[in-house]
Amino acid sequence: MIRLTIDERPIEVPEGRTILEACREHGIHVPTFCYHPALEPYGACRLCMVELSQPTRPPRLVAACTYPCEQGAIVSTDSESVRRSRRMSVELLLAGAFNDPELLALAEELGLEEVRFRLPEEDACVLCGLCVRACDEIVGVSAISLTNRGISKEVSPPFRIVSPTCIGCGTCVLICPTGALKLNDVTGFRSVHLVDSEYDRVYCQVCDDLDLKPSLIQDLEVLSSKHTA
Amino acid sequence: MAEELISHIDTRENKPAARIGIVVCECGDKIAGVLATDLLRERSASLPGVVYTMSEPYPCNVDGRSRLSQAIIDHKLERVLIAGCAPRLVEHLFQQIMEETGLAGCYLSVVDIREQCSYVHASDPAAAMEKATNLIEMGVARLTEIDPPQTFSSDVVKSAMVIGSDLSGLTVALALADGDIDVSLVERDSQLGGTMYMLQDGAKELITESVDVVSKHPQIQTMLNTRVTDVTGQSGNYQVLLARDDQNFELNVGAIILATGVRPKSLDPNYWYDRSLVVSQIQFAHELEKTTAANGQLALHDVVMIFHTEDTEGGGSSHLSCVAGIRQAIQAKQLNPDINVTILFRDLYLGEAGGSGENLLLQAKDLGVNFFRYRKKHPPFIGGKYIKVDDPLTDQPLQIPCDRVVLTTPLIPQDNTSALAAMLHLPQDKKGFIIDRRTRLRPGNYVDDGIFVVGGVHYPTDTAEALLQAHVTAARTHRFLGKDTLTTAGLRAEIDPALCTGCGNCPQVCPTSAITLEKRDGLLSLATVDLLRCIGCGNCLVVCPVKAISLPGYGDPAILAQISAALSSTGMEKEVEGIDKPVPKIVVFACEWGAYAAADIAGARRMSYPADVRIIRMNCSARFDPNHALWAFLNGADGVLVGVCQKGECHYGNGNLYAEERVATLRKQLAERGFDPRRLRLESFATDDGFAFANTMKTFSNEMRK
């Protein structure tokens, strides 16, 4: 077991837990944006920054979602430097996703009055990487990835060519926190696969009726009598 | 039929109810901020069969998960219900926990009280609370009625079949047989070894050696002149039908290795040339070999090699034939330095496993082999004594004298590849080669466990590649066959032979032709499902007149129980203030990939819609049975909506079209009996169109209100 102090509370956690997991376990609120428990932590949004002090080192900020709990660490989740860092991160995230209710609530809580930056598009991608990780870890196909570097970094299928591995499940769209990702960005065209055979009408071998069983008529009778009664 | 189903539910075993555990997720304050999770927990504790409830701030967190697995063990839970977020995000996490504690993953039900309640009905917490309670009731009802899991655990047959006996096929067969596995080597030719070894450096010696060992090996059964005509069964236990001459026989193997290799494409009959002058690369290889063996001189003056490229699919040149051609040029030069050797090419591929053919190219140039590129527009013209070609560098026509032309045609998969690929359900590229599904991640791994592909049937392979692939595949096959039993997961339909009348309805609608009718004693035939092909869409369940087919988790009892639970809630009886009519109750049968996904998105984007909508998750809309709609109406639903995928997007073939047909028929029948057909509706949704979902629900609810 590892003993550490979070917000002046002595806490004991099994080995291998991250600071965020320890906080969640003990009811200490740490805001997150790019974290999802079903996925590997990624540390992209920097909202979960906490202040870590160790006996031998000066205090510093670390991402709680990726940083493991260490013996004797003293963690502060709400110090002034943490709040300052978060305020900046929220402001930057809001520059792209300025409609996100959770971010707006967090901005208010942190006393952020004005967002100084703004990306041209509404609901912009903030590169949290949730969709890419979900495609890999939940769906298991890795049809999309983060491509390019710097300001041209974006989510797209490799080489911007429709990935044959994509199954069109829409998990990436579902997990996208800002609504930036559309399925069309991934599949390019709508069709999951071509329907190569014409649809044939099928008749029941027993009653020559289309898919309907003889007893169904009785049900309908019951239903209509109940309805008219 | 409805009565029959009720009696079916009633008589369904009077066994003790399954022990159900419920976890109510607070999701920080995303759920707890709107719903009173403690109250939900209290309410759900009184549901039938529920023996344990807990609420967790984050059940998906590591510690939350470990508490769940502890609870499963401590309270001997048999079914688990998670009231949390969208099932598709967390289902696999919780299934993993259940499987770790020895519980089948299909005994999990994730009820979405976040995307379907707290997110969309945040403005009306009371309604959200009622709906959440009801959703949990529905989930419990489903878990109570769920079919026992089907596990197709079958014993792995400790034998393998290798189709094709080129270098890679022989090597795999030997490697497996040396590892104490019985191998059947199936070759459609009358001898082992194939023909392509003449192009692979050093392959002839290897093959001669291997053929010798193979023919003496006690664990290898060689079947010459034999063709594979059908493959059925499943991973680890395949039944293979073989034909030799006019004789059919069956083979039972655990793994199948496809090693049918490549062949040179035959030239388009439109090409005309003097056939006494022109030989193929393989013929020339034999000629060179003969001369070398006889220590003779090559009685030729001018040899021209043409690396032919066609502008059709599969017409490209390959590194195997290019490198082999250069090697032949060198050999010819070494046999007789006075020969003029010229190579005409459009593309020169030199890549080789473990290096490249670059050194060979330099060596050939040093020996004085001439290389000319030719253009697509001006292919070489083979005359009687000369070859005419335009040199693109000088733009001058060239006349190259020749007394032997070696024509290299593109290498393509064997002509039986398509048939075999269809039998084994392997995807092919445009050229006909078998494609690796995820080349970058797991080369050599194909769709079905137990089916492996090796050598030229993926792409022309040289000696080193063929050997490498063969050994990798042998190792994989060995590991696969090392398991004693194999449990296949996934949804599969199962037919109860005691109930099946052999009417022939289900084979008609099966999108993958997985169901076949078999003769059995007496008048009736029997339908059987090929588990290898079944994709679990549930279409067959709908058309079965005697309901002999089951699909775990989506059986009729489970679906009907959910409908009953959805409509029995007292919450739905409440009247909305200001409107004298009660809020309409709408049951939505949502296809997992279309409508359900759209509903998830609507929730995630917090687009609100009427709270009295109950969504029943179906795997595919093909599973929608007209009985389900009738059952909903009989239980007091005001509207039934069948949500399907958009046209051409059904993940199971044509499930949405079947649903459309069924809804249309039922509407007609309802109208004939004086029942307003507008109460039954079919809508298609794009996977990510949450807006359409919320809107449709609003308009449908408004229509019902009138």
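Per chain, numbering begins at 1; letters A, B, ... match sequence-line order. These numbers were taken from a predicted model, which means no experiment stands behind them.
- Between chain A and the options B/Glu592, B/His92, B/Glu115, B/Arg88, the largest number of non-hydrogen pairs under 4.5 Å is found for B/Arg88.
- Comparing A/His36, A/Glu137, A/Glu102 by how many heavy-atom pairs each has under 4.5 Å with chain B, the most go to A/Glu102.
- With rounding to the nearest 0.5 angstrom, the SG atom of A/Cys48 is 9.5 Å from the CZ atom of A/Arg24.
- Contacts of A/His29 with chain B are absent, with no heavy-atom separation under 4.5 Å from either backbone or side chain.
- Considering A/Thr147, A/Leu146, A/Leu127, A/Ile175 as possible partners of A/Val132, the one that fulfils the side chain to side chain contact (heavy atoms under 4.5 Å, CB included) test is A/Leu146.
- Going from atom CD1 of B/Ile82 over to atom CZ of B/Phe94 covers 4.5 Å, rounded to the nearest 0.5 Å.
- Ranked by heavy-atom pairs under 4.5 Å with chain A, the first of B/Asp63, B/Leu89, B/Asp29 is B/Asp63.
- Between B/Lys668 atom NZ and B/Leu666 atom CG the span is 11.0 Å, to the nearest 0.5 Å.
- Your options are A/Leu174, A/Val173, A/Leu39, and the one with the most heavy-atom pairs under 4.5 Å with chain B is A/Leu174.
- Electrostatic pairing of B/Arg114 and B/Asp600 does not count as a salt bridge here, judged by no charged N lying under 4.0 Å from a carboxylate O.
- By the neighbour-count criterion of 12 heavy atoms within 6.0 Å, atom CD of A/Glu8 is sparsely surrounded, having that number or fewer from other residues, nucleotides or ligands.
- Using a 4.5 Å cut-off between heavy atoms, A/Cys172 does not touch chain B at all.
- With a 4.5 Å cut-off on non-hydrogen atoms, B/Leu93 touches chain A through its side chain but not through its backbone.
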